[in-house]
Structures are given as structure tokens and as C-alpha cells.
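When a ligand or atom number is given, it counts from 1 through the structure's own listing order. Atoms considered below: every heavy atom in the structure, side chains included; atoms not considered: hydrogens, waters and symmetry mates. Given the structure is predicted, the values throughout are model-derived calculations rather than measurements.
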Amino acid sequence: MQERLQTLKEEALTQIEAASSMKELQDIRVAYLGKKGPITEILRGMGKLSAEERPKMGQLANDIRAAISEKLDEKTQVMEKAAVEEKLKKETIDITLPGRPVKKGNHHPLTRVIEEIEDLFLGMGFSIAEGPEVETDYYNFEALNLPKDHPARDMQDSFYVTEETLLRTHTSPMQARTMEKLNGEGPVKIIVPGKVYRRDTDDATHSHQFMQIEGLMVGEDVRMSDLKGVLQSFAKKMFGEEREIRLRPSFFPFTEPSVEMDISCFNCGGSGCSVCKGTGWIEILGGGMVHPNVLRMSGFDPEKVTGFAFGMGPERIAMLKYGIDDIRHFYTNDSRFIKQFNHI
Ligand code: 2U9
């Protein structure tokens with residue numbers, strides 16, 4: 001039995017030495033130290049030994065079991081360490097290698113223009129107000145002097161959600177909401193950017209969803225000259241200090257008098273070209289003095305306060321600024337289009 005144990009020990013240690021995987025080691029552990037293993041078997045056979053032999057054999061058997069177990073642990077550690085090193089070797093990165101270029105995204109050209117316009121008006125003391133895109137018929141039309149059967153409603157073909165709610169056709173309802181909250185106490189000096197919706201067939205210059213930035217200033221003795229001053233300052237900052245502006249008479253149900261603002265063409269300087277269609281002037285926005293009905297419906301007394309308002313389409317300004325010929329480019333998410341603006 002003693003030789004048997006020794007043989008087992010050498011055999012086990014040899015196998016452990018030769019083992020090249022954790023699995024093999026585990027198999028050796030089970031094979032030699034397991035319940036059905038030869039050492040256990042020998043220990044079970046101890047009964048046949050004499051009383052003086054038993055402790056010696058027992059000790060030997062346990063020593064051999066301990067030696068095999070120790071060797072197994074030792075080899076396991078060696079293997080685990082080797083595995084970690086292997087992994088580290090595999091994972092070592094050559095820090096001298098250039099990193100993978102992280103493709104940096106960029107602002108959508110429309111976002112740029114909107115933020116540029118917002119900054120200009122923030123710089124003139126306006127604050128930004130944003131309102132709900134699903135509006136009530138009252139705030140989208142009635143409060144803006146467009147009573148139920150007013151023909152001008154057709155100019156703004158709408159997506160109705162229910163009899164009384166629709167996707168707003170302009171951001172003006174938020175100006176009416178802002179005024180109403182002030183219970184006739186001005187001043188009001190806000191711009192309202194946002195998405196608006198009109199039931200239009202998309203083509204190069206029309207989109208069923210587009211952006212608007214409208215502005216409103218209400219207070220004592222607000223005049224048309226204030227509107228002209230604000231629009232002039234906006235035009236020069238947005239399109240160049242050498243820009244001239246001109247105001248032409250126009251009509252909007254919510255302003256009286258109403259104007260359209262043109263800027264001198266930034267492409268030909270005014271001598272006439274394809275950008276300004278030979279006129280030397282480019283139409284940018286509309287505006288006017290807030291209609292007394294609109295002031296009254298939003299809780300202001302037109303005898304005490306006056307106001308001006310204006311509205312522009314950021315897509316139009318971005319198309320002029322970047323020479324874009326089709327409004328749909330802004331909405332079709334074609335990365336070839338968007339990528340062009342990464343460098344600016
Ligand atoms: C209130 C009172 C008056 C907003 C105004 C315009 C003129 C205008 C167009 C610009 C481009 C619409 O998207 S567009 O085609 N808008 O020309 N907007 S005055 O007048 C208001 C708004 C709110 C309470």
C-alpha cells in the first residue's frame with residue numbers, strides 16, 4: 001500500500017506538471033483527490049491494516065493528498081497568472097498608435113441659424129418663450145384677430161386634431177398666451193422660436209412642417225421706428241453691417257400697419273443678380289404694429305400700450321446664407337447634406 005501511494009503521488013505530480021489547462025488540472029484533482037479517487041479508496045482499505053500500521057499509513061496518505069493538492073494549487077496559480085499576462089499582452093495597446101478618430105457630430109444648419117438669430121435678439125434684451133405645438137383654435141386664430149370664418153384662415157391650411165385643437169400654424173399663439181398671463185401689465189419683449197405646421201404639399205420652398213421665429217414687444221409708446229431699429233440692427237448683425245433694409249407696406253390680420261422687410265442683396269450689393277432676382281433686394285421677414293384687437297383680446301388696453309411684432313422663417317434665412325436651393329434638404333436627414341456644415 002505504501003508503494004501504491006508513492007506511485008500515485010509521482011503519477012499525480014507528473015500529470016500535474018504536464019497539465020496545460022485548468023480543465024486538465026481539475027480532472028487530475030477529481031481523479032486523485034476525488035471521493036472515488038485511489039487515495040480515498042486506500043484510506044477506506046485502512047480497516048484491513050494492523051493497529052500500529054494504520055496511523056503511519058493514514059499520515060502518509062494524508063501527506064500525499066496534501067502534496068498533490070498543494071501542487072495542484074501551485075500549478076493553478078501559475079496558469080491563472082499566465083492567463084492574465086496573456087490577456088494583458090493581448091490587451092496591451094500601443095499608446096503611440098493614433099486613436100480612432102471619433103466622428104464629431106455637428107449642429108444641424110437650421111439649429112445654427114436659429115441659435116444665431118436667438119443670440120442676436122437676446123443681445124437686444126428679448127427673452128425666449130416656447131409654446132405648445134398642439135394649440136387651441138382660440139390661441140392659434142381667434143386671439144390673433146382671425147375669427148372663426150375669417151378668410152385668412154385658409155391662407156394657413158391646418159392639421160386639425162379635434163374640432164378645437166390643431167397643430168399650430170405659427171408661433172404667434174405663444175405670444176398671445178404670454179400677454180394674457182400678464183393681465184395687461186407690460187412690458188413684453190419676447191421671441192418665440194419653434195416648429196409650425198401647415199397642410200402644404202412639400203416642394204423646394206414649402207414644407208408641411210417648418211420653423212418660425214416670431215417676436216413681440218409691447219409697452220407704453222412702442223413705435224414703428226422701434227420696430228425698424230430692431231429689424232435694422234438684426235439685419236446688419238445677421239447679414240453684414242453694410243446691409244441696407246427697406247420696409248414695404250403689407251397686410252397681416254394681427255398687425256396694423258404691416259410691413260415686409262427686405263435687405264439689400266448680399267450677393268450683388270444691390271445691382272441685381274439671380275439671388276435677388278435682379279431686384280437688388282431680398283425679402284427676409286414680415287412685421288407690424290400689433291393690431292388693437294389682438295392687444296385687447298390678450299388683456300391689454302390699446303389706449304395705454306402699443307406693440308410691434310415680426311415673424312421670419314429660419315429655413316429661408318439658412319437657404320440664403322448657405323445657398324441652399326431646396327427646403328426639403330433640412331428634413332430628409334441626408335448626411336451628405338448635413339456633413340457639408342461640419343467645417344463651418
Ligand atoms: C401677436 C401679434 C402679432 C407675427 C407676425 C409676421 C408678421 C410674418 C411670416 C414670416 C415667415 C410667416 O413663416 S412665415 O411665412 N410672419 O411675416 N408674423 S407679424 O405677428 C404677431 C404675432 C403675435 C400676438
**Message:** Suppose we call two aromatic rings close when their centres sit under 6.0 Å apart. Are Phe126 and Phe234 close by that rule?
**Reply:** no
**Request:** Using heavy atoms and a cut-off under 4.0 Å, could you grab the residues that are in contact with ligand 1, chain by chain, numbers ascending?
**Result:**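 Near ligand 1, by chain and number: Leu144, Ser172, Gln175, Met179, Phe210, Gln212, Glu214, Phe252, Phe254, Thr255, Gly286, Gly287, Val294, Ala309, Phe310, Gly311, Met312, Gly313.
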**Asked** With clusters built from Ile, Leu, Val, Met, Phe, Trp and Tyr whose side-chain heavy atoms come within less than 4.5 Å, directly or transitively, what are the remaining members of the cluster of Met297, listed by chain and number?
**Response** Tyr138, Tyr139
**Message:** Which residues pass the side-chain hydrogen bond (donor to acceptor under 3.5 Å, both in side chains) test with Arg112, not counting sequence neighbours?
**Reply:** Asn106
**Prompt:** So, Tyr197 versus Glu135: side-chain donor-acceptor pair below 3.5 Å or not?
**Reply:** no
**Prompt:** What distance do Leu110 atom CG and Tyr322 atom OH have between them, rounded to the nearest 0.5 Å?
**Reply:** 9.5 Å
**For Val161, all residues meeting side chain to side chain contact (heavy atoms under 4.5 Å, CB included), sequence neighbours excluded** =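 Val134, Thr165, Leu167.
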